[in-house]
Amino acid sequence: MAVNSRLPLTTGRAPGARALLTRRSAGLVLLGALSATAAVLRMRPRPQRSGPRTEAGETFDEMYRGRRITGSRAAGAGGAWQVMVDGRPLHLMRRADGSYLSMVDHYDSYATPLAAARGAVAELGGQALRDHTGEV
């Protein structure tokens with residue numbers, strides 16, 4: 001039986017198979033490294049949107065984007081905040097994690113009532129805050 005000296009007698013792979021296996025291995029290693037990096041970044045705590053912190057019992061009164069924002073803790077209401085934008089009440093809700101959201105901008109959470117009021121003003125743009133009295 002004659003042996004052709006041009007063909008290698010190794011494992012029977014095509015001549016470029018080893019290079020393909022190396023590229024595939026490198027790709028899998030890169031994919032694994034990216035997955036591990038993404039997992040670490042997801043576990044990192046995210047900073048909350050916030051303005052200056054207001055402590056218990058404090059009030060605030062400021063102009064923001066041409067609107068007057070005032071707020072104070074309501075007496076006897078479990079520490080709830082009464083916030084006004086241009087003299088109209090802005091209803092805030094406290095979330096379980098301690099952040100606040102408003103009825104105007106209820107998709108975002110804010111660290112303080114002042115930050116929530118600023119978010120509502122930004123969302124309102126030039127519109128006036130409607131007074132909700134419960135009447136239809």
Side-chain angles (χ1 to χ4, degrees):
M1 187 158 142
V3 176
N4 188 347
S5 63
R6 293 184 198 164
L7 296 176
L9 294 176
T10 56
T11 59
R13 290 188 209 156
R18 183 177 172 115
L20 176 65
L21 182 62
T22 304
R23 278 184 250 138
R24 184 178 298 147
S25 297
L28 290 174
V29 167
L30 181 62
L31 181 63
L34 289 175
S35 297
T37 302
V40 168
L41 291 177
R42 269 183 293 196
M43 291 189 302
R44 222 176 36 158
R46 294 181 184 163
Q48 293 182 348
R49 296 171 74 180
S50 65
R53 289 230 174 248
T54 53
E55 298 299 325
E58 278 192 46
T59 62
F60 54 85
D61 186 353
E62 75 171 34
M63 289 296 289
Y64 180 73
R65 293 189 179 188
R67 305 303 245 325
R68 175 155 307 279
I69 301 173
T70 59
S72 62
R73 283 204 185 267
W81 282 86
Q82 289 184 336
V83 178
M84 308 286 269
V85 176
D86 293 334
R88 294 182 180 257
L90 174 67
H91 180 70
L92 295 182
M93 291 179 283
R94 185 99 189 233
R95 295 173 45 103
D97 64 358
S99 62
Y100 294 87
L101 62 94
S102 73
M103 293 306 291
V104 174
D105 186 18
H106 56 269
Y107 294 109
D108 289 319
S109 296
Y110 299 91
T112 64
L114 177 58
R118 287 177 179 164
V121 166
E123 187 70 26
L124 282 170
Q127 297 177 342
L129 186 63
R130 287 194 305 179
D131 191 11
H132 293 281
T133 58
E135 297 176 10
V136 179

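Since this is a predicted model, take the numbers as computed values, not measurements.
- Taking each heavy atom of Val104 and Ala120 in turn, the nearest pair found is CG1-O, 3.7 Å.
- By the 4.5 Å heavy-atom criterion applied to side chains, Glu123 and Asp108 are not counted as neighbours.
- Looking at Val85 and Tyr64, their side chains never come closer than 4.5 Å, going by heavy atoms from C-beta outward.
- Cluster membership for Leu90 and Leu101, using ILVMFWY side-chain heavy atoms within less than 4.5 angstrom, is not shared.
- Going from atom CZ of Arg67 over to atom CG of Leu124 covers 5.5 Å, rounded to the nearest 0.5 Å.
- For Arg94, there are no salt bridge (charged side-chain N to carboxylate O under 4.0 Å, His left out) partners two or more places apart in sequence or in a different chain.
- When every heavy atom of Pro89 is checked against every heavy atom of Met84, the shortest pair comes out as CA-SD, 3.5 Å.
- Remark: Arg68 CZ to Glu62 CD distance equals 9.5 Å, nearest 0.5 Å.
- Between Met93 and Met103, some side-chain heavy-atom pair lies under the 4.5 Å cut-off.
- Inter-residue side-chain proximity for Ser102 and Tyr110 is flagged as unmet; no heavy-atom pair is nearer than 4.5 Å.
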